[in-house]
Amino acid sequence: ARAQIGVTGLAVMGSNIARNFARHGHTVALHNRSVAKTDALIAEHGTEGDFVRTETVAEFVAALQRPRRVLIMVKAGEATDAVIEELASEMEPGDIIIDGGNALYTDTIRREKSLRERGLHFVGAGISGGEEGALNGPSIMPGGPKESYESLGPLLESIAAVVDGTPCCTHIGPDGAGHFVKMVHNGIEYADMQLIGEAYHLFRDALGYDAGQIAKVFGEWNTGELESYLIEITAEVLSQIDAETGQPLVDVIVDAAEQKGTGRWTVKSALDLGVPVTGIAEAVFARALSGSREQRAAARGLAAGTLGEKPTDAVQFTEDIRRALYASKIVAYAQGFDQIRAGSDEYDWSLTPGDMATIWRGGCIIRARFLNRIKEAYDTNPDLTSLIVEPYFREAIENAIDSWRRVVATATMLGIPVPAFASSLSYYDGLRAERLPAALTQGQRDFFGAHTYERTDRPGKFHTLWSGDRSEVEA
Ligand code: NBP
């Protein structure tokens, strides 16, 4: 046995990760349900490194040095369970099974528990960066038992993206922690993309810019504090001309966004945890709305009202949009990090949020310059209550606040939907409010359900006898 790592599941992600391991000098055992993919990989890229071709699971497992380390890169769900079962029956106590697919973190918790009982280590590892990242350096979020990271960590770190000498891979926490954090990462990605989409919509419909003009703006923004992978590719997508029609490609693409489900998972989990991730939720709903073809067809042409006036100063409004985008983005990340903390509390994971900011700086889809600021914020104060109160972000939002309001107001007057910009602003206003209408909600709940309320002037729980003499009793 000579392979340091085995990869099973050699579709695009698995092949690229296997090649990445091989290019870093590791001997890689290869396995796929249908051997054709294994052979194709060896035929096309066999010279890139040392690969061991195997056909059966038994052969595959036998090719590995102990403790055996196998990375599964198959379709999430039942396929993963099937592959785990096949592997586990051939492996021995102390061996490590890593699931690099997009598993739901509760599945990972279940799998880890069941394999632990059989003496095997199970590591649910979130991997971000798509095909390109898998080949050239992804961001890796491995969970599972800490001790497994001793032998696995150096291997994973060797293929991860590197920023300022630090690999974008660290042990996240026990059992499902890695996949949980990957899920929140994807949720933030949804919010980020929606915010960029809303900015694009404003340029198009409030300023009347064409795709090429908007591409230029995003290109410029990518040299400043908004610098990020998503802003960069936005400029690229907007510059693309469709060969067939000669139109900008974006104007030819059907405006109905699809989703694979990780954004939805993030919101479901946030609902259970009671964390307001309004930006992510609006992003998921905005995709659903875009795909509601019947309702959209029926509603097309409904009145917009007559209040809207287009901005007259395009330069000023462009800067307003940039600031609104930055402030909303800070809110989206603040909410995502709140969810990470809530998940950590719920599952006793003891996560260190600053680590997420560190390993998201490279390799992954949400990599961005401002993650350095988030990392610094958590370095300074690991128990940060919310990113938006940290001095740097507080100042950034205060610089943006008037622009942010102008953008949301203008969009509202013109009838341009900006659910993520607007809900992020409302979230900010909600958090900073001296007094919320929740007092009235509590009064109503006490009225119809005797749910009691607390008073501002003394401790305890109280109930008003609404259907009696309306005096107050202590509950
Ligand atoms: P797919 O998600 O398309 O899965 C294809 C692979 O799963 C093939 O190797 C296939 O084997 C294998 N497979 C299936 Br399907 N059912 C199986 C079963 N019952 N037993 C054994 N093998 C089975 O591949 P992918 O797009 O490379 O993604 C792999 C994982 O990585 C997924 O979980 C995905 O969510 C995750 N991921 C993807 C990206 C991305 O950008 N695409 C990014 C991050 C994570 P076969 O060749 O014999 O059919």
Side-chain angles (χ1 to χ4, degrees), residues 128-133 139 161 185-243 247-260 262-263 279-280 282-284 286-287 289-290 314-315 317-333 336 360-372 396 400 403-404 407-408 411 416-422 424:
S128 175
E131 292 174 36
E132 206 269 338
S139 174
H185 162 285
N186 283 32
I188 293 174
E189 175 185 313
Y190 272 61
D192 223 338
M193 290 171 69
Q194 174 64 23
L195 291 167
I196 291 172
E198 290 176 15
Y200 155 70
H201 198 169
L202 286 161
F203 282 121
R204 202 192 61 194
D205 289 7
L207 290 180
Y209 284 10
D210 64 28
Q213 286 172 296
I214 307 171
K216 258 201 212 105
V217 176
F218 279 102
E220 279 158 27
W221 286 356
N222 200 40
T223 59
E225 60 193 357
L226 278 172
E227 181 190 326
S228 61
Y229 173 71
L230 283 170
I231 294 281
E232 180 191 327
I233 66 162
T234 299
E236 300 242 1
V237 172
L238 289 170
S239 316
Q240 181 72 17
I241 300 296
D242 174 47
Q247 300 287 315
L249 177 66
V250 71
D251 293 336
V252 182
I253 296 177
V254 172
D255 62 344
E258 295 179 5
Q259 47 185 317
K260 285 218 219 148
T262 42
I280 301 171
E282 288 296 354
V284 174
R287 289 198 194 185
L289 185 148
S290 76
V315 174
F317 196 61
T318 299
E319 178 59 10
D320 281 347
I321 298 174
R322 191 188 67 78
R323 290 184 187 196
L325 180 55
Y326 194 51
S328 303
K329 184 172 160 131
I330 291 170
V331 165
Y333 280 70
W360 289 347
R361 291 182 306 165
C364 66
I365 306 293
I366 64 171
R367 60 185 183 259
R369 184 198 277 197
F370 100 135
L371 280 160
N372 276 316
S403 291
W404 203 4
V407 166
V408 171
I416 299 170
V418 285
F421 277 158
S424 307

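We're numbering straight along the sequence, starting at 1.
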Taking CD in E131 as the centre, count heavy atoms belonging to other residues, nucleotides or ligands within less than 6.0 Å. Is the count above 12?
no
Restricting to pairs with a member in residues 206-235, which pass salt bridge (charged side-chain N to carboxylate O under 4.0 Å, His left out), not counting sequence neighbours?
E225-R322, E227-R369
Close side-chain approach of M193 and I196, heavy atoms under 4.5 Å
no
Y229 vs D192 side-chain heavy atoms within contact, under 4.5 Å:
no
With heavy-atom distances below 4.5 Å as the criterion, would you say the side chains of K329 and L226 are in contact?
yes
Quick one: does R367's side chain get under 4.5 Å of S139's, heavy atoms only?
no
Could you pull out all residues at least two apart from Y209 that satisfy ring pair (Phe, Tyr, Trp, His ring centres under 6.0 Å)?
F203
So, for S328 and L195, which heavy atoms are closest and what is the spacing to 0.1 Å?
CB-CD2, 3.4 Å
Set of side chain to side chain contact (heavy atoms under 4.5 Å, CB included) partners for Q240, sequence neighbours left out:
L249
Non-hydrogen side-chain atoms of E189 and C364 separated by less than 4.5 Å:
no
Can you tell me which residue among L207, L238, T234 is in a side-chain contact (heavy atoms from CB on, under 4.5 Å) with I214?
L238
Heavy-atom side-chain contact between W360 and S128 under 4.5 Å:
no
Any side-chain heavy-atom pair of V217 and W221 under 4.5 Å:
yes
